[in-house]
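I have placed the structure first, in the form of structure tokens, so that the comments after it can refer back to it.
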Amino acid sequence: MIEDPYLGKYMTCISARSTDKEILQKAQDGGIATTLMTFALEQGIIDGTIVAVEGDRPWEPKPFVAMSREDILKARGTKYSISPQISWLKEATRSFGLDKVGVTGVCCQMQAVRKAQLYPINMRDVPGKVALTVGLFCMENFPYKSMQTIVEDHANQNLSSVKKMEIGKGKFWVYTERGNVSTLPLKATHKYEQPGCHVCLDYVSNLADISTGSVGSPDGWSTVFIRTKKGNEVWSKAVAAGMFETKPIEDVKPGLELVMKLSKEKIDKNRKTVEERKTFGVNKALRDPYA
Ligand SMILES: Cc1cc2nc3c(=O)[nH]c(=O)nc-3n(C[C@H](O)[C@H](O)[C@H](O)COP(=O)(O)OP(=O)(O)OC[C@H]3O[C@@H](n4cnc5c(N)ncnc54)[C@H](O)[C@@H]3O)c2cc1C
Ligand code: SF4
């Protein structure tokens, strides 16, 4: 087990992509999140999973309890806006009748799941029914209105004609269905970030069973951390079943070094914000959730 102050605890880190062509067609990166959940469903490791599908407005994510491959596939692609994934956690074990719940989401949502497992406040049945968590890397998120302003004002694209959005190489990228690509410097997006993200001290979903993101691996591939015993069991089974192509992370560029650099930048910057809250007022402080 490797214990890294910026990358969390993990058993192994690899670069990977799905071998499922249908999943890859619309996946954000290597289709790891979708492939893991469909495989876990087919194997009976989970009987349903919380994912983020498109909601009522274009590119507005909506949490959804998926119980079929088809529904899990509907959640492919990153929506850069807040999707309250955990709002369905308890309900998944109630009206949906699930015994083995999967959860996908960003770092803070993995934290919420672990907290509910260890301190279940009005969360009866939840601790024992979480079966698999797949966490995404996350630098920051945006309220829907912010994302709309970024795409429609700054990138000058109509949200309903957008095919994919991506943050990478210092830019916010917007790809349209008809093949147009617009970019804007990330500098321009900072003021639109969700303020709550500025006290977040987790970049690579440290508390997930398996975490994945784009940074570190080439386009179309994902960087994957196998963290827990459960994560390792599912991952090994999936690789043995031919679900993934893998490469040692040491053999790909830019590799783990860039993941580490970005994680350090996020955590150091946000730690400073947490510190500053202690002396925010005159003789009074703002609350520190980590105290
Ligand atoms: C807000 C946000 C910020 C991110 N920032 C980074 C980053 O800084 N660096 C980096 O390397 N990667 C980042 N990612 C992760 C990256 O964009 C991909 O989501 C990840 O690599 C998974 O790709 P995939 O091909 O395996 O997923 P796919 O197989 O395409 O599946 C997409 C998965 O993402 C989930 N999802 C989509 N939108 C949301 C959402 N808004 N909230 C919660 N879950 C969602 C779906 O439920 C699904 O499980 C971010 C993701 C999000 C949602
Ligand atoms: S930056 Fe942290 S708090 Fe904000 S959405 Fe990402 S994981 Fe959650």
Side-chain angles (χ1 to χ4, degrees), residues 15-18 20 22-40 49-55 59-66 71-88 102-112 132-144 146-147 164-170 172-173 186 189 193-208 210-217 219-225 244 254 256 258-259 261-263 265-267 269-270 273 289:
S15 189
R17 79 170 168 197
S18 178
D20 186 319
E22 189 193 8
I23 289 178
L24 282 180
Q25 260 169 21
K26 284 193 174 176
Q28 182 73 16
D29 298 307
I32 307 298
T34 301
T35 305
L36 275 170
M37 285 303 176
T38 51
F39 179 74
T49 180
I50 303 173
V51 294
V53 298
E54 192 170 46
W59 290 94
E60 182 176 38
K62 181 176 84 174
F64 183 80
V65 181
D71 280 347
I72 295 173
L73 262 64
K74 283 186 190 151
R76 285 170 298 171
T78 301
K79 296 104 196 148
Y80 284 102
S81 189
I82 291 138
S83 180
Q85 302 291 85
I86 309 307
S87 58
W88 285 106
V103 186
T104 63
V106 287
C107 325
C108 55
Q109 296 169 335
M110 297 297 114
Q111 294 171 8
L132 181 66
T133 57
V134 175
L136 311 173
F137 301 178
C138 180
M139 188 59 87
E140 73 270 306
N141 207 346
F142 302 93
Y144 186 73
S146 291
M147 195 260 292
K164 182 175 183 171
M165 287 178 221
E166 200 174 16
I167 295 179
K169 304 177 187 95
F172 193 106
W173 303 72
L186 271 187
T189 66
E193 291 164 9
Q194 170 78 7
C197 294
H198 297 156
V199 296
C200 175
L201 307 177
D202 186 345
Y203 177 53
V204 288
S205 272
N206 292 356
L207 298 185
I210 295 174
S211 47
T212 187
S214 58
V215 164
S217 292
D219 285 352
W221 288 71
S222 300
T223 301
V224 185
F225 290 95
F244 295 108
L256 210 49
L258 182 62
V259 188
K261 177 176 171 274
L262 292 178
S263 186
E265 275 173 20
K266 171 177 178 174
I267 293 169
K269 179 166 117 307
N270 289 353
T273 308

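First listed ligand is number 1; within each ligand, the first listed atom is number 1. The figures here come from the full heavy-atom set of this structure, side chains too, leaving out hydrogens, waters and symmetry mates.
Within the 4.0 Å heavy-atom criterion, neither part of E193 lies near ligand 2. The side chain of Q109, and not its backbone, has at least one atom closer than 4.0 Å to an atom of ligand 1 (non-hydrogen atoms only; side chain from C-beta on). Residue contacts with ligand 1, taken as heavy atom pairs separated by less than 4.0 Å, involve T104 solely via side-chain atoms from C-beta onward. When non-hydrogen atoms are compared, ligand 2 lies under 4.0 Å from neither the backbone nor the side chain of Q109. Contacts of L136 with ligand 1, taken as heavy-atom pairs under 4.0 Å, involve the side chain alone.
Counting heavy atoms from C-beta on, the side chains of Q28 and E166 come closer than 4.5 Å. Inter-residue side-chain proximity for I167 and M139 is flagged as unmet; no heavy-atom pair is nearer than 4.5 Å. Side-chain contact between Y144 and I82 is absent, with no heavy-atom pair separated by less than 4.5 Å.
Below 4.0 Å from some heavy atom of E140 lie the following atoms of ligand 2, by number and element: 1 (S). Near E140, the atoms of ligand 1 lying under 4.0 angstrom from a non-hydrogen atom of the residue are 1 (C), 3 (C). Atoms of ligand 2 lying under 4.0 Å from at least one heavy atom of N141, given by number and element, are 5 (S). The distance from ligand 1 to the heavy atoms of S214 drops below 4.0 Å at these ligand atoms: 10 (C), 11 (O), 12 (N), 21 (O). The atoms of ligand 2 that sit less than 4.0 Å from any heavy atom of M139 are 1 (S). Per-residue contacts place A27 under 4.0 angstrom from the following atoms of ligand 1 (heavy atoms of the residue considered): 25 (O), 30 (O). The atoms of ligand 2 that sit less than 4.0 Å from any heavy atom of K266 are 1 (S), 2 (Fe).
Of all the listed residues (K62, K74, K164, M139), M139 holds the heavy atom that lies closest to atom 8 (O) of ligand 1.
In summary, the side chains of S211 and S205 do not present any donor paired with an acceptor at a separation below 3.5 Å, with no hydrogens or angles considered.
Here the straight-line distance linking atom CE of M37 with atom OG1 of T49 works out to 3.5 Å at 0.5 Å rounding. Rounding to the nearest 0.5 angstrom, the gap separating the OG1 atom in T104 from the CG atom in L36 is 11.0 Å. Annotation: the span from K62 atom NZ to K79 atom NZ amounts to 11.5 Å, rounded to 0.5 Å.
Ranking the protein heavy atoms by distance from atom 21 (O) of ligand 1 puts D29 OD2, 2.6 Å first. Of the protein's non-hydrogen atoms, Y203 OH, 3.1 Å is the one closest to atom 9 (N) of ligand 1. The protein heavy-atom contact nearest to atom 45 (C) of ligand 1 is A52 CB, 3.6 Å. For atom 4 (C) of ligand 1, the closest non-hydrogen atom on the protein side is F137 O, 3.3 Å. For atom 6 (Fe) of ligand 2, the nearest non-hydrogen atom of the protein is C138 SG, 2.3 Å. Among all protein heavy atoms, the one lying closest to atom 4 (Fe) of ligand 2 is C197 SG, 2.3 Å. When hydrogens are left out, the protein atom nearest atom 2 (Fe) of ligand 2 is C200 SG, 2.3 Å; that is the closest non-hydrogen contact. Atom 17 (O) of ligand 1 has as its closest protein heavy atom T78 OG1, 2.7 Å. Of the protein's non-hydrogen atoms, the one nearest atom 37 (C) of ligand 1 is G77 O, 3.3 Å. Ranking the protein heavy atoms by distance from atom 28 (P) of ligand 1 puts T34 OG1, 3.4 Å first. Among protein heavy atoms, atom 46 (C) of ligand 1 sits closest to A75 O, 3.5 Å.
Residue G30 comes nearest to L24 through the heavy atom pair O-CD2, 3.5 Å, listed as atom of the first residue, atom of the second, then distance. Of all the heavy atoms in A208 and G135, the pair that sits closest is CB-N, 3.5 Å. The two atoms that bring G213 and D29 nearest to each other are C-OD2, 4.3 Å, heavy atoms only.
Across V134, I86, T133, a single residue satisfies side chain to side chain contact (heavy atoms under 4.5 Å, CB included) together with M110, and that is T133.
Taking the six-membered ring where the residue is Trp, Y80 and F142 present perpendicular rings, their angle passing 60° and hence far from 30°.
Not a single N or O atom of S222, backbone or side chain, sits closer than 3.5 Å to an N or O atom of ligand 1. For K79, a nitrogen or oxygen atom sits less than 3.5 Å from a nitrogen or oxygen atom of ligand 1, counting backbone and side chain alike. At least one N or O atom of Q28, backbone or side chain, sits closer than 3.5 Å to an N or O atom of ligand 1. Checking only distances, S81 does come within under 3.5 Å of ligand 1, N or O to N or O. Distances between N or O atoms of V106 and those of ligand 1 include no value under 3.5 Å. Ligand 1 has no nitrogen or oxygen under 3.5 angstrom from a nitrogen or oxygen of V51. By the 3.5 Å distance cut-off applied to N or O atoms, I82 is not counted among the residues near ligand 1. Not a single N or O atom of G105, backbone or side chain, sits closer than 3.5 Å to an N or O atom of ligand 1.
Judged by distance alone, the side chain of S263 and the main-chain N or O of V259 form no donor-acceptor pair under 3.5 Å. When atom types are taken as modelled, the side chain of T212 and the backbone of T223 share a donor-acceptor pair closer than 3.5 angstrom. Judged by distance alone, with hydrogens and angles left aside, the side-chain atoms of K26 form no donor-acceptor pair with the main-chain N or O of K74 at under 3.5 Å. Within the 3.5 Å criterion, the main-chain N or O of P61 finds no donor-acceptor partner in the side chain of E54. The closest donor-acceptor contact from the side chain of S222 to the backbone of V224 lies at 3.5 Å or more, if one exists at all. A donor-acceptor contact shorter than 3.5 Å is absent between the side chain of S217 and the backbone of S214. With N270 contributing its side chain and C197 its backbone, the two residues share a donor-acceptor pair below 3.5 Å.
Using 4.0 Å as the threshold, E166 has no heavy atom nearer than that to any atom of ligand 1. Between N141 and ligand 1 there is a heavy-atom distance shorter than 4.0 Å.
For K261, the NZ atom counts as loosely surrounded, since its 6.0 Å shell holds 12 or fewer non-hydrogen atoms of other residues, nucleotides or ligands.
Atom 8 (Fe) of ligand 2 has an N, O or S atom of C108 under 2.8 Å away, backbone or side chain. Checking C107 against atom 6 (Fe) of ligand 2, every N/O/S atom stays at or beyond the 2.8 Å cut-off.
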